[in-house]
Amino acid sequence: VFGKDVTLILTLNNLSSDHKTVKVDMSASTVLYTRRAVAEILKATTSVDLGSKQGKHIRVKIPYSYYGKYLTTDKRIQVTALCEVMHMHGAKLLVEKTIILEDTNIIIKIPRRVVVNKAVTLEISYANPLPEPVDRCVLLVTLMNQQVKIHLARLAPRERSKIYFEFTPRRTGPLQLQVDFSCDKFSHVKGFVTIAVAPA
């Protein structure tokens, strides 16, 4: 989840009956959705001894402090592990994984029944998932082809807050509401719901 430390486990299995030593070069970078690297955030090398038919786990932790300021709006981290079996004529295996960090920031609560031409109040809650305060918070609400920009107070570390938003639907059927939350440390955290508007 965005704002938290990322923990990965690499599993190495020796399928043969011979003892093996594996050198593992690990690296992690923040990337765009095109896989183009933005910044390298972690580099580590370790050696693992594997006995006959033995498996071992390597635990890798990427703290938020490593990736926070280098993450793009795509919220992607690519981790690679180059595993080289020593004394085996350089037998190598490359393992890659792209992590997309989830947002759990926006929660939109709508009444059970929404009726045309009758005012309705929504609850929009938003959060700062980071271990540091955020400033210049803005919520952009898009509904019925109109946008409303709401300036919000700063949020303390891990703080959740909420606002109430009132509108009157002018037609029946599905209505899409989109919420976009931005601040000085991250931008474009989105949430959306489809509201079913019933006839009067």
Side-chain angles (χ1 to χ4, degrees), residues 1-11 24-46 57-81 95-110 121-143 146-167 176-195:
V1 175
F2 175 60
K4 301 261 175 78
D5 295 349
V6 176
T7 303
L8 301 164
I9 291 171
L10 175 69
T11 304
V24 183
D25 288 317
M26 301 202 70
S27 68
S29 297
T30 55
V31 292
L32 301 172
Y33 73 95
T34 56
R35 291 171 62 110
R36 187 167 76 79
V38 175
E40 188 172 70
I41 52 173
L42 179 83
K43 203 168 180 61
T45 300
T46 186
H57 301 302
I58 299 174
R59 190 181 167 90
V60 182
K61 188 176 182 182
I62 307 172
Y64 165 74
S65 59
Y66 283 22
Y67 73 78
K69 61 177 176 283
Y70 300 112
L71 209 60
T72 70
T73 52
D74 295 333
K75 295 187 175 64
R76 287 168 191 253
I77 295 173
Q78 184 156 324
V79 182
T80 59
V95 181
E96 281 191 330
K97 179 154 183 70
T98 301
I99 302 153
I100 302 170
L101 299 174
E102 290 175 18
D103 284 323
T104 52
N105 288 6
I106 307 272
I107 299 168
I108 304 164
K109 288 184 184 171
I110 53 175
T121 302
L122 308 174
E123 182 187 290
I124 301 170
S125 93
Y126 52 95
N128 171 16
L130 308 183
E132 56 191 333
V134 296
D135 237 323
R136 298 198 296 277
C137 304
V138 174
L139 211 57
L140 195 63
V141 180
T142 307
L143 181 71
Q146 290 189 320
Q147 285 192 331
V148 179
K149 194 175 192 176
I150 304 161
H151 293 274
L152 309 162
R154 76 193 303 243
L155 288 173
R158 312 266 189 231
E159 184 185 357
R160 180 168 282 282
S161 192
K162 59 187 165 191
I163 61 158
Y164 293 93
F165 183 79
E166 188 180 284
F167 76 100
Q176 185 131 71
L177 170 91
Q178 186 172 311
V179 176
D180 188 311
F181 178 56
S182 293
C183 64
D184 62 339
K185 302 279 191 329
F186 56 86
S187 59
H188 305 303
V189 172
K190 295 181 190 299
F192 64 91
V193 288
T194 300
I195 302 163

Report all side-chain donor-acceptor pairs from residues 24-35 shorter than 3.5 Å, counting only partners two or more places apart or in another chain.
from: Asp25; atom 1: OD1; to: Thr45; atom 2: OG1; distance (Å): 2.7
from: Ser27; atom 1: OG; to: Thr80; atom 2: OG1; distance (Å): 2.9
from: Thr30; atom 1: OG1; to: Ala39; atom 2: N; distance (Å): 3.4
from: Thr30; atom 1: OG1; to: Tyr70; atom 2: O; distance (Å): 3.1
from: Arg35; atom 1: NH2; to: Glu96; atom 2: OE1; distance (Å): 2.9

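At distances below 3.5 Å, not a single donor-acceptor pair connects side-chain atoms of Lys97 with backbone N or O atoms of Leu8.
Proximity of Val60 to Val79: side-chain heavy atoms (C-beta onward) are nowhere separated by under 4.5 Å. No side-chain heavy atom of Val141 sits under 4.5 Å from any side-chain heavy atom of Gln178. Contact annotation: the side chain of Val179 approaches that of Ile108 to within less than 4.5 Å [non-hydrogen atoms, C-beta and beyond]. Side-chain contact between Leu152 and Tyr126 is present, with at least one heavy-atom pair separated by less than 4.5 Å. Taking the side chain as every heavy atom from C-beta outward, Leu42 and Tyr67 never approach each other to under 4.5 Å.
Between the side chains of Arg76 and Thr98, no donor-acceptor pair of N or O atoms lies under 3.5 Å. One side chain, Glu132 or Tyr64, offers a donor N or O that lies under 3.5 Å from an acceptor on the other.
With sequence neighbours excluded, the residues forming a salt bridge (Lys or Arg N to Asp or Glu O under 4.0 Å) with Lys109 are Glu123, listed by chain and number. For Phe165, there are no ring pair (Phe, Tyr, Trp, His ring centres under 6.0 Å) partners, not counting sequence neighbours.
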> Val189 and Lys75: side chain to side chain contact (heavy atoms under 4.5 Å, CB included), yes or no, with the steps?
Replying inline: CA-CA 10 Å; Val189 172; Lys75 295 187 175 64; 4.1 Å; yes
